[in-house]
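Nothing fancy with the numbering, it's 1 onward along the sequence. This structure is a prediction, so every number in the text was calculated from the model and none was measured.
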Amino acid sequence: MYIIQRRTLSQYTLNKCCHFHSNTIVHYPPRSSNINNRFGTFQRIVPPSLSSVDMSQMPRRPVPENIMKPHYAMDGTSSPWHNDIPFNTIQDIEGMRKAGQLARNILQLGSTMCKPGITTNTIDEAIHNAIISNNAYPSPLNYMGFPKSLCTSINNIIAHGIPDDRPLHNGDIINLDVTVYLNGYHGDTSATFMIGTVDDKGKALIECTKETLDKAISICGPGVPYKEIGRVICEHAEKHGFSVSDELSGHGIGSEFHCLPLILHHMNEEEGTMTTGTAFTIEPILCEGSATGVMWPDNWTISTIDGGRSAQFEHTMIVTEDGVEIFT
């Protein structure tokens with residue numbers, strides 16, 4: 001996903017329900033049990049420190065020399081943003097189709113590991129090894145210095161959670177965001193999974209988020225305004241009492257990890273209509289309370305400002321003559 005806006009902890013102070021106070025002392029929740037709060041029964045995730053951390057200096061898992069790598073794999077840069085929306089050839093489409101199928105299979109592997117007691121570092125290691133065993137590169141690795149091979153966002157983490165040694169807890173929800181780079185093309189997908197027994201509020205959030213993605217995909221096709229995606233998502237989310245993040249977007253994809261068009265999931269008046277041969281992701285993020293995000297000191301992890309949970313689902317697709325083909 002692409003970050004449209006960025007708010008940091010230096011700009012916002014979370015209220016007491018998020019265990020942050022204006023004197024910048026962090027009060028950690030108990031690590032052994034879930035917490036009852038107005039959003040449900042789950043453990044809120046907080047940063048280990050408010051000190052700035054350079055995540056680009058973390059050790060990275062190795063990738064064999066023979067595997068084709070994106071340009072940023074060595075220098076930690078990002079995708080170059082061009083002014084035009086790429087048109088994809090038959091060769092491009094076949095490459096993205098294969099990358100999408102692999103990303104889907106890798107996400108399925110990750111889903112089998114979403115169990116109490118498993119750490120997100122363990123999931124990251126398994127995902128990394130599965131990707132390179134398929135002669136592909138884990139796209140997040142060293143993209144703008146990101147230190148891991150997938151993003152793992154738990155409970156109140158909106159996006160870009162960095163895998164660590166915290167064991168998953170009964171009652172957690174977790175989004176796994178998987179992107180692979182296979183033979184010169186990226187395939188990007190994500191889903192939110194339940195760990196053990198999740199409360200009814202958490203289940204409703206996940207179900208509604210998946211429904212918004214499905215509804216958005218169903219209206220896509222040649223000539224459809226891109227802004228219709230945001231309208232469909234917001235109408236369904238708000239009907240069920242959830243908010244939609246307007247700080248992160250879907251994006252074009254193909255030989256580049258990120259490119260135009262930007263896909264906004266909130267109500268918007270952006271210009272542009274879908275054309276055959278255009279590839280992009282739709283990846284709505286719904287939140288229980290406020291959808292405002294706060295950037296952690298690691299400059300990657302984004303949490304909700306009020307401690308409510310968020311969920312996300314994502315597919316990569318291409319516009320066809322009569323709709324879209326979902327690659328993932």
Test of understanding: with side chain to side chain donor-acceptor pair (under 3.5 Å), list the residues that count as partners of E271, not counting sequence neighbours.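 Listed in chain order: nothing, the list is empty.
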What residues, two or more places apart in sequence or in another chain, satisfy side chain to side chain donor-acceptor pair (under 3.5 Å) together with T301?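 Testing T301 for side chain to side chain donor-acceptor pair (under 3.5 Å), a comparison that skips the adjacent residues, returns D298.
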Indicate the atoms forming the closest heavy-atom contact of V319 with G221, along with that distance.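 Reported closest heavy-atom pair: CG1-C, 3.9 Å.
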Which heavy atom in R166 sits nearest to a heavy atom in I154, and how many Å separate them?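 Smallest heavy-atom distance, with atoms named: NH1-CD1, 3.7 Å.
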Should the pair [X]-[Y] be classified as a salt bridge under the 4.0 Å nitrogen-to-oxygen rule?
X    : Y    : value
D199 : R309 : yes
E288 : K201 : no
E211 : K215 : no
K148 : D164 : no

Going by the rule side chain to side chain contact (heavy atoms under 4.5 Å, CB included), which residues pair with [X] if we only count those two or more places apart in sequence or in a different chain?
X    : result
D75  : Y72, T77
T273 : P225
L260 : W81, I85, L262
K203 : M194, V198, D200

Pairs of donor and acceptor atoms involving the side chains of residues 124-133, under 3.5 Å and at least two apart or interchain, shall be tabulated with distances.
{"from": "D124", "atom 1": "OD1", "to": "S149", "atom 2": "N", "distance (Å)": "2.8"}
{"from": "D124", "atom 1": "OD1", "to": "L150", "atom 2": "N", "distance (Å)": "3.3"}
{"from": "D124", "atom 1": "OD2", "to": "R61", "atom 2": "NE", "distance (Å)": "2.7"}
{"from": "D124", "atom 1": "OD2", "to": "R61", "atom 2": "NH2", "distance (Å)": "3.3"}
{"from": "H128", "atom 1": "ND1", "to": "S149", "atom 2": "OG", "distance (Å)": "2.7"}
{"from": "H128", "atom 1": "NE2", "to": "P62", "atom 2": "O", "distance (Å)": "2.8"}
{"from": "N129", "atom 1": "ND2", "to": "E125", "atom 2": "O", "distance (Å)": "3.3"}
{"from": "S133", "atom 1": "OG", "to": "N129", "atom 2": "O", "distance (Å)": "3.3"}
{"from": "S133", "atom 1": "OG", "to": "A130", "atom 2": "O", "distance (Å)": "2.7"}

Does K69, at its NZ atom, have more than 12 non-hydrogen atoms belonging to other residues, nucleotides or ligands within less than 6.0 Å?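 More than 12 within 6.0 Å, yes.
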Tell me if a side-chain donor or acceptor on [X] pairs with a main-chain N or O of [Y] at a distance below 3.5 Å.
X    : Y    : answer
N155 : R44  : no
S290 : T292 : yes
S79  : H258 : yes
D214 : T212 : no
N170 : T197 : yes
T281 : T316 : no

What pairs with F146 under ring-ring contact (aromatic ring centres under 6.0 Å, His included), at least two apart in sequence or on another chain?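 By the ring-ring contact (aromatic ring centres under 6.0 Å, His included) rule, F146 matches W300.
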Identify, with sequence neighbours excluded, every residue that meets ring-ring contact (aromatic ring centres under 6.0 Å, His included) alongside Y185.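 Y185 satisfies ring-ring contact (aromatic ring centres under 6.0 Å, His included) with no other residue.
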Hydrophobic clusters here meaning ILVMFWY residues chained together by side-chain heavy-atom distances under 4.5 Å, can you tell me if F257 and I318 are in one?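 No: no chain of side-chain contacts under 4.5 Å links F257 to I318.
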Can you list every pair that meets ring pair (Phe, Tyr, Trp, His ring centres under 6.0 Å) and has a residue in residues 309-328, with sequence neighbours left out?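 Non-adjacent pairs meeting ring pair (Phe, Tyr, Trp, His ring centres under 6.0 Å): zero.
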According to ring pair (Phe, Tyr, Trp, His ring centres under 6.0 Å), does anything in residues 223-243 pair up with another residue at least two apart or in another chain? List the pairs.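 Sorted pair list: Y226-F280, H236-H240.
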Taking ILVMFWY side chains as joined if any heavy atoms are under 4.5 angstrom apart, and letting links pass through other members, which residues group with F87?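 Cluster partners of F87: none, it stands alone.
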Passing candidate, side-chain contact (heavy atoms from CB on, under 4.5 Å) with L102, options L107, V178, V180: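 Exactly one pass, corresponding to V180.
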